[in-house]
Amino acid sequence: MTSFDTKETITWCPGCPNFLILAAVKKALSELNLKKEEIVMTTGIGCHGKVFDYIDIGGVYSLHGRPIAVAEGIKLGNPKLKVLTFAGDGDTYNEGISHFVHACRYNLDMALIVHDNRSFSLTTGQATATSQQGFKTKVEPKGEFLKPLNPILLALSAGASFIARCNARDIEHTAKVLVEAVKHKGFAFVEILQDCIIFNLEVNNLDKLMYKVDNRKDKEKAFELAKEWDYNSTNGKIPIGILYQEERKTLEENF
Amino acid sequence: MRLNILVGGKAGQGINAVSKIISHVLVKAGYFSFNCRDYGSLIRGGHNFNVISISDKKVGSIEKELDGIVALDDKTTDLHKKELKENGFVIKAGDFPVLGINLNMAMAGALCKILCLDKKFLIEEIEEHFPVKEAVKAGEIGYDKVEKRFNCSKISNKIEILSGNEGISKGFVNSKGDLYFSYPMTPATDVLHILGLSQDGKHRVFQPENEIAVVNMALGASYTGKKVMVGTSGGGFDLMTEALSFQGMSEIPLVVYLASRPGPGTGVPTYTSQADLDVALRAGHGEFPRIVIAPGDPIECAEKTNEAFYLAEKFNTLSIILSDKHLAESEFSSDRKENKILKININRELPGQKIVRANGYEHDEKGHTIEDAEIVKKMAEKRLEKYEKIKKEVKRFEMVKIYGNKNAENLVVSWGSNKTVILDALDSIDKSIETGKGNWKFLQVLYLKPLSDEIKNEIEKAKKVVIVENNLTGQLGRLIREKTGIKIESRILKYDSRPFYCDELKNELLKLK
C-alpha cells in the first residue's frame, strides 16, 4: 500500500482532531489506489493548511480563502489531475465565500474538504461564520451574537452536486465518505465537524446528536436533512454522511 | 496632408462603424489613420464621438482643430462647431432621406466621397463588415449625395489597423497562450472579447466570479504548465494584489495585463490616464522580483506581450504589461513589421509527472514549509539573485527606444501611449523624427522594471530635457529620480482624463525655456 506519510514535523496541538482528519484522508487516498503524481492538493491558511506538508503529494499552499480558486485553475489547466482542496471554515465561509458559492455552480471535478472547527484558531480564537451564538472570544467577551451560517444549506442552494458532513472523530466513516467524494464526478463538498480543543469545544458536546444517513438524488430530502441542524442548537439531530449527490455535467466537460 | 474629422452622435447610433469603414477604406487607398474614441459610461443615448486623424504619412494622434464634422445628431454640431476650422465641412443627418439604423453607413459613404476615396472600396468594406443590402444601399446614397472636397488619390503604403487591445491579444496568441482569465473591466474588456470570440481549440477563456478568483485560478492553471494571462484595470488589479505577492513566493509564472484608467476609486471609467505606474511597480507585500513593460503602440503591445510570456516562464516570475485606455481602445495604423516571435518553452517539472510543491509560505528548495532563519535568508537572497538574472536577460530586448536626431539638444522623455503623439508633435515642430535632422529627440521608456541604464546617459547628454506624462504627479519622473538621482525639472503633465492632442503638446513643447 502506498504510504502518504512525510518526514515533516507535525505542529498541531497534541490531541487536535486534525490528526484524525489526516488519518482519514491518508486512508481514503490509499484505498483510491491512485498514482501520487496524479493527485494534487491546494490548501488555505489556518491550522488545516499544515496538511500541505503532512501528505506526500504535490500541490499549492495558497493564501487564506483562495484554495478553491487555485484548485479550479489547476483543474482547468490539466483536467487529468485529481484535485483535493483542504480549507478551513474561515477560508471557506468567511474570506473565500464567493469562491465557495461559485464552485458549487461551476461543478468542476474536484473535492473540497473543510476542516470546520468553528473558530479562527491559528489567530487565537475569534468567531467564524459557523461559530455558535454565545461563543466567547477576545473580540466578543460576552459571547458571539451573530447567528451561524448553515454551509450545507448554502451549498445545496448554490447547486453543489455532492454534499456530505462528517465527524472528525469517526475516522472510518470519514474515510469512506472521502473515497466517495473523490470518486464523484463533479464538485464534492465534504464538511468535517471538528473541535478546536483550545478555543471551541462545542462539537465535542454535539457528538451524541449525530446520526448517519446516506441520501442520494432526493433533493427534497436533502433540504430536510440540511435544515435538521442550524449550527446553533444543542438538541435535536445532526445528520452525517452523504446528504446529497446528483449527476451533472462538469465545467470541464462544458469547457 | 493631415485631416481631423469628428464623428459624433448618441451611443448606439453606430459611430464606431463609421470610423471602421473609413479607416479600412483609407487603408485600401494607402492612407494612415488614427481613431480615438471618446465615450461616457452609458450604452444608449448621451453624446459619444470619435476623432479620426488622416494622413498620407504616419499618424498616431488627433488634433483639436477639426477639418470636418460628421454629426449623427444635432447635439454633435452644437457641441463641436467651435472646434471646426473656418472652411471646415459638416455632414448632418438632415442631409439624407430617412434611413433608420443605416444612417451611419450613409454618413460613411458621404465622408468617403468628400475624401475622394474610391466608391468600390466603400462598398467592399460595408459588404465585409455589415453584410446587409440596406447598409450597402445607404452607403451608396451617402456617397452620391455630396461633392468631393479633398483628394486622397491612391498611394502605395501597406498598412495594418490595430488597437492596443488587439495587439495584446495578438501577443497572447503569438505566445501560444493557453488560458486567459478575466473579469470585465474597461478598458481591458476588449481582450476578453477578442480572445473569447476567437476560442478555436488552441486557447480558452474563462470569466470567474471576481478578480481575486481570476488571478488565483490563473496561478493554479500556470502551476500545471499552461501559459496563462489575466487582464484588468486598476480596481481589479488592486483586488489581485495579494495574489501577486503570492506569486512572488510560490514562483508560479504569471502574465498580467493592466489597462489603466483614471482613478482613484471608480474614477472616470471610460477615459484615460497613466496614473497606475506606481501600483504596477509596487503592488504586493514583501520583496520579490517582477517585470513591468509599457508598450507604446499596438505592434509593441504584441511584441511586449510575447516578451512578458517569455520572461515569466524563463524566470518563474511576474510580468506586468501596462497600458491605458488611450492605447488600449484607439485604432492605430502601422506599416511596421513585428519583431520575430519568441518561442516559449516550458522546462519546469509538472504535476502529473512529478510531485511538485508550490508554496505561498516560506519554503525550502523542495517546497516544504519552513520558518528556519537560515533558510528564510537564503530563499530571500535567491529571489533577489533571480532579479539580477532578469536584469541581464532583458538587455536583449528593446528596453528604451530613441527617435529623431541622435545629436539633438532637446530631449523628450516619456512612456506608454504618449509615444505616437510625441512623434507627431516633434514632426510638426521641425520634422525631427521624419528627417532625423531637427532639434529634438525622443526617449521612449518601454521597460519600467528593470529600468535601462541608457536613460541616465541620454538625460546627461541632452541640454534640455522634458518629461511628458498623462498623470498628476509625474510617476516616471519619480522613478527615474529614484534610479538615477536625476530630477527632471521640466514636466508636461496632463490629468484631465483625456489624451494629449498633437497641437496642444506641440504648443507646450515650444513654450519650454
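The analysis underlying the following values was restricted to heavy atoms, covering all of them including side chains, and did not include hydrogens, waters or symmetry mates. Letters A, B, ... mirror the listed sequences (proteins, then strands); counts begin at 1.
- Neither the backbone nor the side chain of B:A218 comes within contact range of chain A, judged by heavy atoms closer than 4.5 Å.
- When the candidates A:E8, A:E72, A:K36 are compared by the number of heavy-atom contacts under 4.5 Å with chain B, A:E8 comes out ahead.
- Proximity to chain A (any heavy atom under 4.5 Å) is shown, for B:S250, by neither the backbone nor the side chain.
- Looking at B:L350, neither its backbone nor its side chain comes within 4.5 Å of chain A, counting heavy atoms on both sides.
- Only the side chain of A:L251 comes within contact range of chain B, with heavy atoms under 4.5 Å apart.
- Heavy-atom contacts from other residues, nucleotides or ligands closer than 6.0 Å to CD of B:Q199 number more than 12.
- Taking CZ of A:F52 as the start and CZ of B:R357 as the end, the distance is 6.5 Å to the nearest 0.5 Å.
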Check against side-chain contact (heavy atoms from CB on, under 4.5 Å), B:N210 and A:H99: CA-CA 9 Å; B:N210 54 39; A:H99 310 311; 3.7 Å; yes
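- Within a 6.0 Å sphere centred on OH of B:Y183, other residues, nucleotides and ligands contribute 12 heavy atoms or fewer.
- Applying the 6.0 Å contact sphere to NZ of A:K219 captures more than 12 heavy atoms from other residues, nucleotides or ligands.
- Using a 4.5 Å cut-off between heavy atoms, A:V40 contacts chain B through its side chain alone, with no backbone atom that close.
- Looking at A:F255, both its backbone and its side chain come within 4.5 Å of chain B, counting heavy atoms on both sides.
- The environment of B:K378 atom NZ is sparse: at most 12 non-hydrogen atoms of other residues, nucleotides or ligands sit within 6.0 angstrom.
- No more than 12 heavy atoms of other residues, nucleotides or ligands lie within 6.0 Å of CD in A:E247, so this atom counts as exposed by the packing criterion.
- Scanning residues 62-70 of chain A against chain B with a 4.5 Å heavy-atom cutoff picks out A:S62, A:L63, A:R66, A:A69, A:V70, ordered by number.
- Enclosure of atom OH in B:Y361 is not indicated, since only 12 or fewer non-hydrogen atoms of other residues, nucleotides or ligands lie within 6.0 angstrom.
- For B:F246 against A:Y61, the heavy-atom pair with the smallest separation is CE1-O, 3.4 Å.
- Within a 6.0 Å sphere centred on NZ of B:K377, other residues, nucleotides and ligands contribute 12 heavy atoms or fewer.
- Residues of residues 73-81 of chain A lying under 4.5 angstrom from chain B, judged on non-hydrogen atoms, are A:G73, A:I74, A:L76, A:G77, A:N78, A:L81 in numerical order.
- Taking CD from A:E38 and CD from B:Q353, the interatomic distance works out to 11.0 Å, rounded to the nearest 0.5 Å.
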